[in-house]
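Notes follow once the structure below has been shown.
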2 protein chains.
Amino acid sequence: MTFDRIDLKILDILQRDATVPVARIADQVGLSQTPCWKRIQKHEEAGVIRARVALLDPDALGLSMTVFVLVEAVEHTPDWRAGFLAVIERLEAVRDVYRLAGTYDFLLRVVVADMPAFDRFYEKLTAGVRLRSVNSIFALECLRAETALPLSACGAGIEARS
Amino acid sequence: MTFDRIDLKILDILQRDATVPVARIADQVGLSQTPCWKRIQKHEEAGVIRARVALLDPDALGLSMTVFVLVEAVEHTPDWRAGFLAVIERLEAVRDVYRLAGTYDFLLRVVVADMPAFDRFYEKLTAGVRLRSVNSIFALECLRAETALPLSACGAGIEARS
DNA sequence: GCTGAAAATACTAATAC
DNA sequence: GTATTAGTATTTTCAGC
């Protein structure tokens, strides 16, 4: 699938503000409404646009604590991994899960209300799986959190997988 | 500001899928359209709903590399921090910035196309500020990435700042 | 606070160019 | 790709309870 400058501009507008009407997007990219709408439709069907969501303020909802948890596996087997993921799955505080290269095997971004809530999470995590090590890094402040991708890094025309 | 069960349910629906029409949200929370719409409006004005955005597929756009960069400051002064943030600001690959408690001072989530692109980022970062240490943790795979907050952890009625 | 209905806007689809 | 059209759905406002 290829994206030209117009596609990238449309996607960039939508990933910043999905409430912009198609007519204005068309204006900004120098297209008329119909082809602009068709492009958006195409990207939605292709899954390039995965979803349209509302972003909420964590502080306003009392979820102002973010902790990054670095986990080391006790053994590097498919079984251990399956068990680990099964436990993670049920823990709602876990927002992001990344498998890592290097010393640590997994990175979790955990969002909770306060320290007692984090302790409850920690209990459940360590009760569910055996871990070689757990390193919790507490965030004092979130200075930036962008859901938008850096599309300017894509350049003019890019090509991607299938 | 307080949120009752209905508020939390409305917000939960919207943070998962912002395309759901107000009429259906009203149905699901047991309200008629107008009061449901008014609640959404109120949350938007209060900033509880920060934005409505489209989420894009990083792989489809050739941005499949995520690196977490842990940074240690050379000195813990306001000046150093201001300089660091000024450099970070101009680096588009940096998506999230967290100030940390503990050994490391900052965590960056960096999204780039490939290793050369990360190298260019690294060059710019280290050229712009003096750092005591930089620890780059490469993600092999993203198993989960939720923009939604774990509202179920809020319980029935919650109270938050101002 | 709620209901119900009307008005304004935006979306979706089809047409001919 | 453009321009125009029309039908549908949604949002938003306005009365009244």
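Values reported hereafter were calculated over all heavy atoms of this structure, with side chains retained and with hydrogens, waters and symmetry mates removed. On a predicted model such as this, the values are computed, not experimentally measured, just so you know.
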Where at least one partner belongs to residues 17-27 of chain A, residue pairs that pass side chain to side chain donor-acceptor pair (under 3.5 Å), sequence neighbours excluded:
D17(A)-T19(A)

Give every residue pair that meets the side chain to side chain donor-acceptor pair (under 3.5 Å) criterion with at least one member in residues 82-100 of chain A, sequence neighbours excluded.
E92(A)-S152(B), D96(A)-R109(A), R99(A)-E141(B)

Those residues at least two apart in sequence (or on a different chain) that pass ring pair (Phe, Tyr, Trp, His ring centres under 6.0 Å) with F106(B) are F84(B)

Sorted by number, the residues of residues 10-28 of chain B with heavy-atom contact under 4.0 Å to DNA chain D:
P21(B), V22(B)

Can you list, in residue-number order, the parts of residues 30-39 of chain A that come under 4.0 Å of DNA chain D, counting heavy atoms only?
G30(A), L31(A), S32(A), T34(A), P35(A), R39(A)

Identify all side-chain donor-acceptor contacts of residues 63-74 of chain B below 3.5 Å with residues at least two apart in sequence or on another chain.
| from | atom 1 | to | atom 2 | distance (Å) |
| --- | --- | --- | --- | --- |
| E72(B) | OE1 | S133(B) | OG | 2.6 |

State which residues pass salt bridge (Lys or Arg N to Asp or Glu O under 4.0 Å) with D7(A); sequence neighbours excluded, sorted by chain then number.
R39(A)

Between Q33(B) and A26(B) (side chain of the first, backbone of the second, donor and acceptor by atom type, cut-off under 3.5 Å), is there such a pair?
no

If the condition is side-chain contact (heavy atoms from CB on, under 4.5 Å), which residues does T34(B) pass it with, not counting sequence neighbours?
K38(B)

Any pair with a residue in residues 120-134 of chain B that passes salt bridge (Lys or Arg N to Asp or Glu O under 4.0 Å), sequence neighbours left out, goes on the list, sorted by first then second residue, please.
none

Among pairs that include at least one residue of residues 142-152 of chain B, which meet salt bridge (Lys or Arg N to Asp or Glu O under 4.0 Å), considering only residues two or more places apart or in two chains?
none

Short of 4.0 Å, heavy atom to strand atom, which residues of residues 42-56 of chain B count as contacting DNA chain C?
none

5' to 3' on DNA chain D, which nucleotides open and close the contacts with chain B (atom under 4.0 Å from a heavy atom)?
dT10(D) to dC14(D)

